[in-house]
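In what follows, a structure is listed as structure tokens, so that the remarks can point back to it.
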Amino acid sequence: RVGMQGRYDDAAVALHGTTARVRTRTVRADDVGQGSLGVWTSVDSRWTPTVRSVLGLRGDGYAFDVASDRSENSGQRSAAIASPKASLVFGPFRNTEVYVGGGYGFHSNDARGTTITRDPVRGDAVDRVNPLVRSAGGEIGVRTSTSAGIRSSASLWVLDVDSELLFVGDAGTTEPQGKSRRAGVTVASFWTPVSALTFDADVSFTRARFVDAPRDASAVSGALENVVAAGVVWAPGSKGPFAALRVRHLGAYPLIEDNSVRGTPTTLVNASIGHSLRRARITASVFNLLGSTARDIQYYYASRLAGEAVGGVNDVHFHPVEPRQLRISVSFGM
């Protein structure tokens, strides 16, 4: 098998100072263009009736173009990376497979961090970040299916990342962190009691730590520790009405490296209903069905209100989840 994937983003990104939600100054403003192209191939080989291998190779190229309100932070960067992968699959044994795999991957960094040279607030010289950061991981797992319409999988996995990246909101800069390791377990299940109805649930538990930091200050701030995604879909056929109800739960997680301050859990429920025609689909979706006022993103840093000390006060800052909203969409297929 071979494949290709391309994407281009053209975004105007800005950070402003505000008073009572009215903009009073611009910390930084950037026009960001980011393009990527990936090509991949995989070879699936069956050696015996119960043993097969999968070898894969992916190559990715990225190009960043940043036009900043400060010319010294403008520029262009590009980078490319190759990611080989391999796995062995044993089975099926009574509709069950066991697999082990590993390989390399990457994450792309904030385009603004790849071209920055000056702190937009203080004017100090800052280092650029690498456009692409290498990661390496492996997993062992099991997949099974039953005649009752249940398909389940469970895996133990580990992921090493050469560098974490933190966006410093008040300064408008990106700050590279140290190497990290994540380890966890993921369980996913699908149940189709009748052809028109499907239940699914995905549960993941993760432990993320900096590799070279002291044990009591090694938590990766902002790294989720447990996630639950579940839902039910009703679709009687390829045409006609359909509906879905989904819930997403993000558990508490560390906001500071010593794990003494943790973000609060967030649970959201979304629903949708629609109708499929021959080549078109009309969908009405309600996001945040229950009107939750939970926190979408949480940080811990010092800020200062009127009357507080000049150095500010360390506290949790958060962006609330989007309020309940209705979205109507129409899609067409070839």
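Treat the numbers as computed from the prediction; the structure is a model and nothing was measured.
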- request: Look at Arg52 together with Asp44 and state whether they make a salt bridge at an N to O cut-off of under 4.0 Å.
  value: yes
query: Less than 4.0 Å between a side-chain N and a carboxylate O, is that true for Arg7 and Asp9?
result: yes
Is [Y] close to [X] at the side-chain level, that is, under 4.5 Å between some pair of heavy atoms?
| X | Y | answer |
| --- | --- | --- |
| Arg112 | Val13 | yes |
| Val142 | Thr96 | yes |
| Val227 | Val203 | no |
| Glu225 | Thr206 | no |
| Ser135 | Leu159 | yes |
| Val129 | Pro176 | yes |
| Tyr99 | Leu88 | no |
| Arg143 | Val89 | yes |

[X] [atom1] to [Y] [atom2] distance, which is reported to the nearest 0.5 Å:
| X | Y | atom1 | atom2 | result |
| --- | --- | --- | --- | --- |
| Leu15 | Arg23 | CG | CZ | 10.0 Å |
| Trp40 | Met4 | CH2 | CE | 11.5 Å |
| Ile150 | Thr192 | CD1 | OG1 | 9.5 Å |
| Arg295 | Thr293 | CZ | OG1 | 9.5 Å |
| Lys239 | Leu277 | NZ | CG | 9.0 Å |
| Asp10 | Asp65 | CG | CG | 9.5 Å |

Within one Ile-Leu-Val-Met-Phe-Trp-Tyr cluster: [X] and [Y], side-chain cutoff 4.5 Å:
| X | Y | value |
| --- | --- | --- |
| Trp234 | Val232 | yes |
| Tyr300 | Leu224 | yes |
| Val100 | Phe93 | yes |
| Ile140 | Val185 | yes |
| Ile297 | Tyr301 | yes |

Output yes when a side-chain donor or acceptor of [X] lies under 3.5 Å from a complementary backbone atom of [Y], and no otherwise.
| X | Y | answer |
| --- | --- | --- |
| Thr117 | Glu72 | yes |
| Arg304 | Ala309 | yes |
| Thr283 | Ser329 | no |
| Ser74 | Ser68 | yes |
| Ser155 | Glu139 | no |
| Ser218 | Phe210 | no |
| Arg134 | Gly105 | yes |
| His107 | Ser163 | yes |
| Thr48 | Val51 | yes |
| Asp119 | Arg122 | yes |

Of the non-hydrogen atoms in [X] and [Y], which two are nearest, and what is the gap between them?
| X | Y | result |
| --- | --- | --- |
| Ala213 | Ala217 | CB-O, 3.6 Å |
| Arg77 | Pro131 | NH2-CD, 3.3 Å |
| Arg28 | Asn73 | NH2-CB, 4.4 Å |
| Ala208 | Arg182 | CB-CG, 3.5 Å |
| Gly113 | Ile116 | O-CG2, 3.6 Å |

For residues [X] and [Y], is any side-chain donor paired with an opposing acceptor at under 3.5 Å?
| X | Y | value |
| --- | --- | --- |
| Trp157 | Thr186 | yes |
| Arg281 | Ser276 | yes |
| Ser145 | Asn95 | no |
| Ser180 | Glu164 | yes |

- prompt: Does the pair Val121 and Val27 meet the rule for a side chain to side chain contact (heavy atoms under 4.5 Å, CB included), with working shown?
  reply: CA-CA 7 Å; Val121 176; Val27 177; 3.7 Å; yes
Derivation and outcome, side chain to side chain contact (heavy atoms under 4.5 Å, CB included), residues Thr266 and Asp296: CA-CA 7 Å; Thr266 298; Asp296 191 17; 5.9 Å; no
[X], [atom1] atom: more than 12 neighbouring heavy atoms under 6.0 Å:
| X | atom1 | value |
| --- | --- | --- |
| Asp69 | CG | yes |
| Tyr104 | OH | no |
| Arg70 | CZ | yes |
| Trp191 | CH2 | no |

Could you give the side-chain donor-acceptor pairs of residues 284-291 under 3.5 Å, partners two or more places apart or in another chain?
| unit_1 | atom_1 | unit_2 | atom_2 | d |
| --- | --- | --- | --- | --- |
| Asn288 | OD1 | Gly291 | N | 3.3 |
| Asn288 | OD1 | Ser292 | N | 2.7 |
| Asn288 | ND2 | Ser292 | O | 3.0 |
| Asn288 | ND2 | Glu322 | O | 2.9 |

- request: Carefully, step by step, assess Leu132 and Asn109 under the rule side chain to side chain contact (heavy atoms under 4.5 Å, CB included).
  value: CA-CA 6 Å; Leu132 305 179; Asn109 274 331; over 6 Å; no
Show every donor-acceptor pair shorter than 3.5 Å between a side-chain atom in residues 54-62 and any protein atom, with sequence neighbours excluded, or say none if there are none.
| unit_1 | atom_1 | unit_2 | atom_2 | d |
| --- | --- | --- | --- | --- |
| Arg58 | NE | Asp60 | OD1 | 3.2 |
| Arg58 | NE | Asp60 | OD2 | 2.8 |
| Arg58 | NH2 | Gln5 | OE1 | 3.3 |
| Arg58 | NH2 | Asp60 | OD1 | 3.1 |

Please list, one pair per line, the donor and acceptor atoms closer than 3.5 Å that link side chains of residues 240-261 to other protein atoms, with sequence neighbours excluded.
| unit_1 | atom_1 | unit_2 | atom_2 | d |
| --- | --- | --- | --- | --- |
| Arg246 | NH1 | Asp200 | OD1 | 3.0 |
| Arg246 | NH2 | Asp200 | OD2 | 2.9 |
| His249 | ND1 | Thr267 | OG1 | 2.7 |
| Asp258 | OD1 | Ser260 | N | 3.0 |
| Asp258 | OD1 | Ser260 | OG | 2.7 |
| Asp258 | OD2 | Ser260 | OG | 3.3 |
| Asn259 | OD1 | Arg262 | NH1 | 2.8 |

message: If you apply the rule side chain to side chain contact (heavy atoms under 4.5 Å, CB included), what do you find for Arg151 with Ser189, and how did you get there?
response: CA-CA 6 Å; Arg151 292 177 292 122; Ser189 291; over 6 Å; no
- prompt: Can you tell which of Asp160, Asp212, Asp162 makes a salt bridge (charged side-chain N to carboxylate O under 4.0 Å, His left out) with Arg181?
  reply: Asp160
